[in-house]
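Below: one structure, written as structure tokens.
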Amino acid sequence: MLHSLHRLDCKALVVLMAVAAAFLGLSALVLNFVVLPAFERLEEQEAKSNLERVRHAVTTELDHLAATAADWAFWDETRNFVQGERDVFATENLTDSSLHTLRLDLVYLYDRAGVLRWGKAFDGERAPLAIDVFAEDRLSPDHPLLAGGDDPAGRRGVLTTDRGPYLVVAEPLIGSERNRPSGGTLIFGRA
């Protein structure tokens, strides 16, 4: 009798181990083919949603920056300054406090030939900052940042610099009468 009980215990143990193995196998199948793909889809949807939020935030910020740049680019005083006709423009309008109020981290003004007429960049503490892209006093006339000539469109996007990425807009200086060709390019940026 004791021997048959031991055999029953062994059979029960084998059956129990087979059931446990089947359960583990079935659990692994459900996990790999049902649960994980569902989590991966959710994770992918969340990543796409986050990416869309970032894209929208960058686009909105660039739109606001472009509107501010257009106000300055369509202003006769700015165009006249870049063309050398109004020397006091910078001291009257391009003050650190006015650029801070506009939340600008960089402002550069170039004439039609790509010669820098005025430029300044700031760090987070509003101290002057040198940026590699703007290190020279001249940009080649075909430089992608220059929005000049008869091209009516400004440029906007993210500019990678040695100081990190900047949201940048470049507008042709066409004055209040929208005169063509452009008198140069105004570049505004935010870090």
Stepwise side chain to side chain contact (heavy atoms under 4.5 Å, CB included) check, L99 with L106:
CA-CA 8 Å; L99 300 179; L106 64 84; over 6 Å; no
Give a yes or no answer on whether the side chain of D105 reaches the backbone of A191 with a donor-acceptor pair at less than 3.5 Å.
yes
L146 side chain near R155 side chain, heavy-atom distance below 4.5 Å
no
Okay, side chain of R103, backbone of R190: is any donor-acceptor separation there less than 3.5 Å?
no
Distance in Å, D87 CG paired with N80 CG, rounded so as to fall on 0.5 Å steps:
11.0 Å
Within the distance-only criterion (no hydrogens, no angle test), does the side chain of T68 pair as donor or acceptor with the backbone N or O of H64 below 3.5 angstrom?
yes
Linking I/L/V/M/F/W/Y whenever their side-chain heavy atoms sit closer than 4.5 Å, directly or via other members, would V54 and L167 fall into one cluster?
yes
Using the rule that two of Ile, Leu, Val, Met, Phe, Trp, Tyr join whenever any of their side-chain heavy atoms come within less than 4.5 Å, decide whether L94 and V115 are in one cluster.
no
d(L186 CG, I174 CD1) to nearest 0.5 Å is 11.5 Å
Donor-acceptor pair, side chain of R117 and main chain of D111, under 3.5 angstrom
no
If you look at every heavy atom in D96 and K120, which pair is closest and at what distance?
OD1-NZ, 2.8 Å
Please assess Y110 against V82 for the test side chain to side chain contact (heavy atoms under 4.5 Å, CB included), listing each intermediate value before the final yes or no.
CA-CA 7 Å; Y110 291 90; V82 169; over 6 Å; no
Over all heavy atoms of both residues, which pair between A121 and Y108 is shortest? Give the atoms and the distance, please.
CB-OH, 3.7 Å
What verdict does the salt bridge (charged side-chain N to carboxylate O under 4.0 Å, His left out) test give for D123 and R163, after you've listed the backbone C-alpha separation in whole Å, the side-chain angles of each residue and the deciding distance to 0.1 Å?
CA-CA 9 Å; D123 65 11; R163 302 297 183 157; over 6 Å; no
Let me check something: do L29 and V35 share a hydrophobic cluster, defined by ILVMFWY side-chain heavy atoms less than 4.5 Å apart, either directly or through other members?
no
Give a yes or no on whether F33 and F39 share a hydrophobic cluster (residues Ile, Leu, Val, Met, Phe, Trp, Tyr; joining criterion: side-chain heavy atoms under 4.5 Å apart).
no
Quick one, W118 and F81 - any side-chain contact, counting heavy atoms below 4.5 Å?
yes
Can I get a per-line list of side-chain donor-acceptor pairs under 3.5 Å for residues 129-138, giving both atom names and the distance, sequence neighbours left out?
residue : atom : partner : partner atom : Å
D132    : OD1  : D162    : N            : 3.2
D132    : OD2  : D162    : N            : 3.4
R138    : NH1  : A113    : O            : 3.2

With no hydrogens and no angle check, just 3.5 Å: does a side-chain donor-acceptor pair link T101 and S98?
no
For residues G189 and L65, report the shortest heavy-atom separation together with the two atoms involved.
CA-CD2, 4.1 Å
Which of these passes side-chain contact (heavy atoms from CB on, under 4.5 Å) with E44: E40, R41, K48?
K48
Of all heavy-atom pairs linking L62 and G157, the shortest is CD2-O, 3.8 Å
In this structure, CD of E77 is separated from CD of E85 (nearest 0.5 Å) by 10.0 Å
Spatial distance of atom CG (L173) from atom OG (S182) [nearest 0.5 Å]:
5.0 Å
Interatomic distance, CD1@I187 vs OH@Y166, rounded to 0.5 Å, equals 13.0 Å
Only counting residues at least two apart or in another chain, list the ones meeting side-chain hydrogen bond (donor to acceptor under 3.5 Å, both in side chains) with E52.
R55
After noting the C-alpha distance and the side-chain angles of R156 and D63, does the key distance pass the side chain to side chain contact (heavy atoms under 4.5 Å, CB included) rule?
CA-CA 9 Å; R156 61 173 73 182; D63 288 345; 2.4 Å; yes
